[in-house]
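Notes follow the structure.
Chain naming here is simple, since letters A, B, ... match the order of the sequence lines and numbering starts at 1 in each.
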Amino acid sequence: MSTYKEFLQNNGEKHWQDQWEKWQINKAVDFDKKPKKYVLDMFPYPSAAGLHVGHPEGYTATDIYSRYFRMKGFNVLHPMGWDAFGLPAENYAIKTGTQPKTITEKNIETFKRQIMSLGFSYDWSREINTTDPKYYKWTQWIFLQLFKKGLAYEATVPINWCPSCKTGLANEEVKDGKCDRCGTVVEKKDMRQWMLRITAYADRLLSGLENLNWSESIKALQRNWIGRSEGAEVDFRIANLPAGRQGSTKKIRVYTTRPDTLFGATYMVLSPEHPLVEELKDQIKNWSEVEKYITKAKNKSDLERTDLAKDKSGVELKGVKAINPVNQEQIPVWISDYVLASYGTGAIMAVPAHDERDFEFAKKFDLPIIQVVAPFFSSQVAPACPRSDKETVRRQSVGCFLKHWSEDKYLCLEWKDFGWHSGIIGGVESGENAIEAGLREIQEETGYQNVKFIKQITGETHSYFYAAHKNINRYACGPVLLFQLVDDNWREPELEHVKNHRAVWVDGDKMGEFINLPSFIYGWQALKSGQDCFTDIDSGVMINSEFLNDLKPSEAIGKMADWLEEKGYGKKAVNYKLRDWVFSRQRYWGEPIPLIYCEHCKKQKQKVLIIHGWEGSGEDNWLPWMKQELEKDNFEVFTPTMSTSASPKVDKWMEELMPYMEKLGENDIIIGHSLGSNAAIRLIEKANKKIGHLFLIGSAIGKLPEKRWKLFQLGIMLGADIKSLREFWEKEPLNWSKADELVANKHVILSDDDPYIHPDTHKDVPQNWNFELWHGHKHFTAFEAPEILQKVLVCKPTGWIPVPENELPLELPEVDKYEPTGTGESPLVNIKDWIVTKCPVCGGEARREANTMPQWAGSSWYWLRFIDPQNDKTFADFEKLKYWMPVDVYVGGAEHAVLHLLYGRFWNMVLYDLGYVPQEEPFTKLVNQGMILAENSEKMSKSRGNVVNPDDVIAEHGADAFRMYEMFMGPLEDVKPWNTKGIVGICRFLERVWNMVSSPLQGEVPVGRRGIELKQDLPHPNPPLIKGRGQDALEIILNKTIKKVGEDVENMRFNTAISAMMVLINESKGVSKEFLEKFLLILSPFAPHMTEELWTKLGHKESIFKESWPKYDESKIKDEEVELVVQINGKIRAKLKLPTGTTEAEAIATAKNDENVKKYLDGVEIKKTIFVQNKLISFVI
RNA sequence: GCCCAAGUGGUGAAAUGGUAUACACGAAGGACUUAAAAUCCUUUGGCUGCAAAGCCGUGUGGGUUCGAGUCCCACCUUGGGCACCA
């Protein structure tokens, strides 16, 4: 019999790895009757450096977890693959001229070898590789679904440009204004980009987090990133438009979270990029100055912009004034780069009194500051707490800090009854202003005669308290002012002024601790910081704000928003920090974007058929206006009037509409209003023809409740042909699925105040149709409909045509040079015979998109492909997805908290909406393993030279020891430093286990430590049944350990599971074969190689992993004796050994008999006794 | 500045509100050995004490509780994320 060392040296681990592959014990079986478990690792980018010790941490965790659940009878899907597109391979290709494909293949080989050497139980038959055309065919296909759904669009936007990588970067790839990959300072550059409209999913990405079993901190990271805020949009009209444009309704729309402070908006700021600036050019008197500022701002990198954050800059748009809608005041308009073009509306109303940034800006440029919220301080403790039985008297007051004439100290008051420490307080008499009152009060209360006013520290503050000396509740309103004594000229003050307090000098540096009256604390902080900028919405009170006065700001926000909506000046709005996803890369090594640009198709006139409603006509409502507007934009528009408009007949309508329908092509548009929506769906079914876009506005497509029909008949629509209407409306049910199939983009728009159509009637609308509920549009009978027009204009042909699905994958062509062109285009533009192609629609000459997708693309859906990796009909069979999804446990690094996990959820949601995947959220449970640091607690990195290579560790100690040590280091989720010395503890443990099993075969005495004494040794191979205390104790601890290890594995607490097994071994000596077998079973997920080897040594022919997880005997996990703790007043005075289950009376009696306890209880009364069974007795004396 | 974690021996770390420091490393002493390594045994938070025992101890200060590492409040420190987001 060999030793453990010999087993390792003779490639024993490799032997079993090969064996497992041969036996296919890791195979996941589709549709198996066993319960399923999908256990997923974040698949790695196969870098040239190979695996480092951080990778196997998560992989080991999921491997233990997977092996455990297989033994528990689950059908486990545990796959592995390669996220292999990306810059490093491309950069290496540029350097060496090697094909990225070749490099990638080599790296994968290394990674796979390393991963396999750890004995992970992946189902390798499901291995995937994002760079494999068979895989990225479906990445491209999914992109096309996004494109067709209007979620991918082209835009020329200032993007983050890395001058070193010569490529654009997503926001997420920029850290501290620097390129996340190479560290170069990122610049701004305008560039044509493909964008993904992830913002359209912001709300769902946010609310979906609620039900996920993810750590709160990861959820918080995502919430933060999405950055939802609620507020209002407010329109400020522009006051002084030049002659001839007076009638124009040009306005500045701002977004604010604080509409309550609108009365304090004293100026406006536009971002330098705001389109209105250019539009107002003629009106701006200092245009050259403005233009210069804009240019400067545009060229600033993000880093420069944030670096200069503290120092505000800006230029006033001279000659432009905006009108504050609440008071019609004209206020100046500025531009400044502290306002971001990309957030909200790119413009703000500035409220310097209550926003720190505006405050700073206003100070710098000397703009007016109007306070509209007063800090409010109410005494909460007696005796100053306001009393409900007393009258409240409001008065103007003043608070004063009084500085010494020469030293840095202040004269303060110590209040006898209240315990207040304050400055000097007083009321303002009629005819006085606050400064005069302050001067008078200082003279009266302190006796000092020569005082000068220095400055006002705060605006108005409000204090509410009970004034005992007056027996009233006082509501005091006033500022805090700073005064200074001129000299020491002093006169004894009158008694009545000083009876309640005494004056003390306090050093300037002690003031912060001394002052305890809230209004003065606030004042002192304002004095020190030079900022009086109150922002709290819960503790303040509105002032100077007409109808909002005396409200809390949190209440005023809602009231103002309602007021704005009512007056039409604005509306409630929600904003997100999340930006659309910049999806193109000007690089070679990525999935080609499968789009073709055709100039000819772009110029094609798009046709629009608008179908009016009941009793309507083509000349009604917004139809004529819409026709006119669309024609301006090169559309061809049909607005036919139905002959049976008032008494509608389906057949007649279809007959009249058919000729128009015949003119429409695959890209064209149908708009139906009211009953016209109903007609539109019938028309599409009847024509059985593909259509580009369908808009249903105020649509009469649902089932109206009987009550509503009765109302119609009861004279609401006197004399109307309700009967025909109803027959039309309800004639055969609408064929949703047909329309769904034939129309590429479906939009349904309702208004929440539509008097006829309630949103509830739209429940049958398929889930994947874009349903929007608008506000305040009634039944869409206005004569203009700009919002609808906007929606239609978006459908205009862009000239971009999807590569037909049967031509996917669009493969990356081979090139000679991989350098980015540096112009912002990918190297693919130089491959003429690839770039130039035929338009799939018109057959004319067209060009392929040369940009490629970002690395995030392939990883945004890969968990779906593992389920059906070979499928060439679809990305994954829906039934298989239904069987396996969702992922039950997803383990990976926290560095992907916002990038990959947000993108992945987004794609999964889109595929869900399109009906291709069964669940909206892909990852039920997420676990983030903490990073493993180098021994010196720094991050491991090649440049620091502190990287630990798993290969070395495995060569020295074996894979089992490596796996177990990584799990033993600490909780999976913690960040922890690697310590090579620490692994020896695990090695000793494994060796001990090895010897326990194998030594008896050689007739040696099994080695144990601190063993529970047994009456007999050497039980193996056929041990005599050993009776006695020792054996019972072993049984108990074994059963306990089985239970604990199982629970710990399920909760991924591997460190404590391992320590429990160590305890077991430490306590064991001379054990039975049955004991050893059970123990090997619970150890096997952790140390699969060694346990498999020992399992055969115990005479088994089958793999240990075909065994079931051992059951523990509940009756055997209870110790016979427990240690009961006796506490007296919370201090432990004795520990009693008592039989398990000893009753309260017995236990207390025993406790009272204990010598040490007696000492404490002798002659004193026991006030209370607390008994916790099998745990403790607590006496209170 | 804002959001999220976390602070326990010399070290990695354990502890459903109920015996703080399990398990492991390291260290010290011992056994075996000519010797070393390996292995095994003992000790290992601090202070007082021969011992029995006692006091102090989970970042700091308060609080709740018979009882707090654990719950609450305030603060300090470290790590991570966001950051002119109106």
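When atom types are taken as modelled, the side chain of A/Thr535 and the backbone of A/His354 share no donor-acceptor pair closer than 3.5 angstrom.
Residues that satisfy the ring-ring contact (aromatic ring centres under 6.0 Å, His included) test with A/Phe359, not counting sequence neighbours, are absent from this structure. Considering only residues two or more places apart in sequence or on other chains, A/Glu991 meets the side-chain contact (heavy atoms from CB on, under 4.5 Å) condition with A/Tyr4, A/Lys5. The salt bridge (charged side-chain N to carboxylate O under 4.0 Å, His left out) test applied to A/Lys577 returns no partner, not counting sequence neighbours. With sequence neighbours left out, the side-chain contact (heavy atoms from CB on, under 4.5 Å) criterion links A/Ala934 to A/Asn936, A/Met940, A/Asn946. Every residue meeting the ring-ring contact (aromatic ring centres under 6.0 Å, His included) condition with A/Tyr965, not counting sequence neighbours, appears here in chain and number order: A/Trp978. By the ring-ring contact (aromatic ring centres under 6.0 Å, His included) test, A/Phe236 is found to be paired with no residue, residues two or more places apart in sequence or in another chain being considered.
Closest-nucleotide positions on RNA chain B for A/Ile986 and A/Glu1123 were compared, and the one nearer the 5' end corresponds to A/Glu1123.
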| field | Residues A/Ser313, A/Tyr338; criterion side-chain hydrogen bond (donor to acceptor under 3.5 Å, both in side chains); working and verdict | value | CA-CA 8 Å; A/Ser313 65; A/Tyr338 87 90; over 6 Å; no
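If you check B/U19, B/A24, B/A86 against the side chain of A/Val1125, the one that comes closest is B/U19. Closest contact between the side chain of A/Val984 and the listed nucleotides B/C23, B/C82, B/C25 involves B/C25.
Checked by distance alone, A/Lys312 brings a side-chain donor or acceptor within 3.5 Å of a matching partner on the base of B/C84.
Counting only residues at least two apart or in different chains, side-chain hydrogen bond (donor to acceptor under 3.5 Å, both in side chains) contacts with residues 1128-1142 of chain A comprise A/Arg1133-A/Tyr1160.
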So which protein nitrogen or oxygen atoms get under 3.5 Å of nucleotides 68-76 of chain B's nitrogens or oxygens?
none

Hey, what are the protein-to-nucleotides 51-58 of chain B N/O distances that come in under 3.5 Å?
unit_1: B/G54; atom_1: OP1; unit_2: A/Arg1133; atom_2: NH1; d: 3.3
unit_1: B/G54; atom_1: OP1; unit_2: A/Asn1156; atom_2: ND2; d: 3.2
unit_1: B/G54; atom_1: OP1; unit_2: A/Tyr1160; atom_2: OH; d: 3.1
unit_1: B/C55; atom_1: OP1; unit_2: A/Arg1133; atom_2: NH2; d: 3.1
unit_1: B/C55; atom_1: OP2; unit_2: A/Arg1133; atom_2: NH1; d: 3.2
unit_1: B/C56; atom_1: OP2; unit_2: A/Lys1131; atom_2: NZ; d: 3.2

| remark: Secondary structure of RNA chain B per the Watson-Crick/G-U criterion (both distances under 3.5 Å; [ ] crossing, | other strand, . unpaired) is (((((((..(((.....[....)))((((((.......))))))((((....))))..(((((..]....))))))))))))....
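In the displayed structure, A/Lys571 atom NZ is contacted under 6.0 Å by at most 12 heavy atoms of other residues, nucleotides or ligands.
Residue A/Arg223 is classed as having no contact, given no heavy-atom separation below 4.0 Å to the nucleic acid. No contact: A/Ser215 has no heavy atom under 4.0 Å from any strand.
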Compile the donor-acceptor pairs under 3.5 Å between side chains in residues 893-902 of chain A and protein atoms, sequence neighbours left out, one pair per line.
unit_1: A/His900; atom_1: ND1; unit_2: A/Ser859; atom_2: O; d: 3.4
unit_1: A/His900; atom_1: NE2; unit_2: A/Tyr890; atom_2: OH; d: 2.7

| query | For every nucleotide of nucleotides 9-18 of chain B, 5' to 3': is a protein heavy atom under 4.0 Å from its base (B), only from its sugar-phosphate (S), or from neither (-)? | reply | ---BSSSB-B
